[in-house]
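Take a look at the structure below.
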2 protein chains.
Amino acid sequence: MTTQAESSSERLSVGGHRVTAPRRAILDAIARAGGPFTIEELTSRVPAVGRATVFRTVKLLQESEVLCRVILEDGSVRYQLSRGGHHHHLICSECGTVTDFSDPELDRLIHENAGSAGFQLDAHSLELYGRCASCA
Amino acid sequence: MTTQAESSSERLSVGGHRVTAPRRAILDAIARAGGPFTIEELTSRVPAVGRATVFRTVKLLQESEVLCRVILEDGSVRYQLSRGGHHHHLICSECGTVTDFSDPELDRLIHENAGSAGFQLDAHSLELYGRCASCA
DNA sequence: CTAGATGCAAACGGTTTGCAACTAT
DNA sequence: ATAGTTGCAAACCGTTTGCATCTAG
């Protein structure tokens with residue numbers, strides 16, 4: 001069916017994890033969602049699977065770099081398929097959609113700022129909040 | 001004593017809030033901390049004050065723009081005296097210190113990126129994680 | 001005097017964990 | 001066969017809330 005779900009389950013088995021029915025169901029639901037989601041939403045899309053398993057699987061998928069976690073302004077948590085590579089987020093406060101973007105010049109400036117503060121940079125996150133093109 | 005605590009309590013009374021003993025104790029503790037802190041730490045520094053009051057006061061101080069909230073990579077929450085004005089954070093993963101910086105050019109690029117994605121920007125947060133000058 | 005603030009303990013919401021039963025490999 | 005996985009319910013942890021009491025203004 002969904003190529004995404006298949007490649008994700010491959011990444012699981014390569015990582016030495018079992019590909020079980022609950023996990024497949026969760027991966028399908030994520031692929032179908034097609035965007036950012038909360039654990040709450042994911043759980044309701046896979047009623048046959050226990051809450052704990054959803055949590056455990058999402059954590060596993062993060063570790064396998066299939067999913068990435070996005071923290072909203074209010075501290076609430078969402079997940080979405082990770083696009084891989086370094087990028088930033090445009091987060092729509094109306095529909096919740098998270099769009100990725102990247103800008104080498106932006107990253108250069110970020111490193112420059114860190115450097116001039118004597119700061120040894122490990123990671124950084126840049127989240128833009130507002131309204132996306134279709135909601136504005 | 002601390003000028004900071006005094007000016008903060010002024011901001012409270014100007015906002016129509018009472019300056020009570022617990023609130024003064026909390027403001028003192030924050031001023032003494034001199035850096036970012038968790039609710040947990042703050043509570044233990046003011047043993048005479050109830051947990052709920054610490055939470056309520058910290059929320060009040062955020063609304064009064066005395067404190068700002070910083071969310072770390074792992075989703076945990078810290079607070080620190082707000083420097084006012086727009087700025088970003090350098091967060092040391094070793095000692096937890098949060099240093100502010102700002103860069104107009106950086107902000108310009110951020111708005112540019114939002115604009116070219118058709119995104120109507122309300123706010124943004126940029127957090128740099130790594131090790132500060134003294135820890136590196 | 002009285003609206004606002006406090007402390008306590010109970011409630012809460014999201015996440016995790018212990019455990020016995022199950023299953024992919 | 002057996003280590004990994006699951007579901008359930010209970011535990012957890014940070015935060016909020018209801019309520020009776022107290023106090024700054």
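Chain identifiers are assigned alphabetically (A, B, ...) following the order of the sequence lines, protein sequences preceding nucleic acid strands; residue numbering begins at 1 within each chain.
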*Determine whether the side chains of A:His88 and A:Asp107 contain a donor N or O and an acceptor N or O closer than 3.5 Å.*
yes

*Kindly indicate whether the side chain of B:Arg18 and the base of D:dT23 share any N or O donor-acceptor pair separated by less than 3.5 Å?*
yes

_Counting only heavy atoms not in B:Arg69 (residues, nucleotides, ligands), do more than 12 fall under 6.0 Å from its CZ?_
yes

*Considering heavy-atom distances to DNA chain D, does B:Ile39 or A:Gly16 have its closest nucleotide positioned more toward the 5' end?*
A:Gly16

*Is there a side chain to side chain contact (heavy atoms under 4.5 Å, CB included) between A:Phe101 and A:Leu126 once you walk through the steps?*
CA-CA 10 Å; A:Phe101 76 96; A:Leu126 172 58; 4.3 Å; yes

*Taking atom CD of A:Glu65 as the centre, report whether more than 12 heavy atoms of other residues, nucleotides or ligands fall under 6.0 Å from it.*
no

_Once salt bridge (charged side-chain N to carboxylate O under 4.0 Å, His left out) is applied, do any residues pair with A:Asp122, and if so which ones, sequence neighbours excluded?_
none

*A:His124/A:His86 aromatic ring centres below 6.0 Å*: yes

*Mapping B:His17 and B:Glu40 to their closest nucleotides on DNA chain D, which lands nearer the 5' end?*
B:Glu40

_Separation of D:dG14 P from A:Ile71 CD1 (nearest whole Å)_ = 16 Å

*asked:* Rounded to whole Å, please give me the gap between CD1 in A:Ile26 and P in D:dT5.
replied: 12 Å

*Got a sec? Which of residues 52-63 of chain B come in under 4.0 Å of DNA chain D, heavy atoms?*
B:Ala52, B:Phe55, B:Arg56

*Quick one: how far along DNA chain C does chain A reach, first to last nucleotide 5' to 3', anything under 4.0 Å to a heavy atom?*
C:dT15 to C:dT25

*asked:* Any non-hydrogen side-chain atom of B:Arg78 less than 4.5 Å from a side-chain atom of B:Val98?
replied: no

*Give the C-alpha distance, both sets of side-chain angles, the deciding distance and a yes or no for salt bridge (Lys or Arg N to Asp or Glu O under 4.0 Å) between B:Glu40 and B:Arg45.*
CA-CA 9 Å; B:Glu40 175 66 359; B:Arg45 278 166 173 279; over 6 Å; no

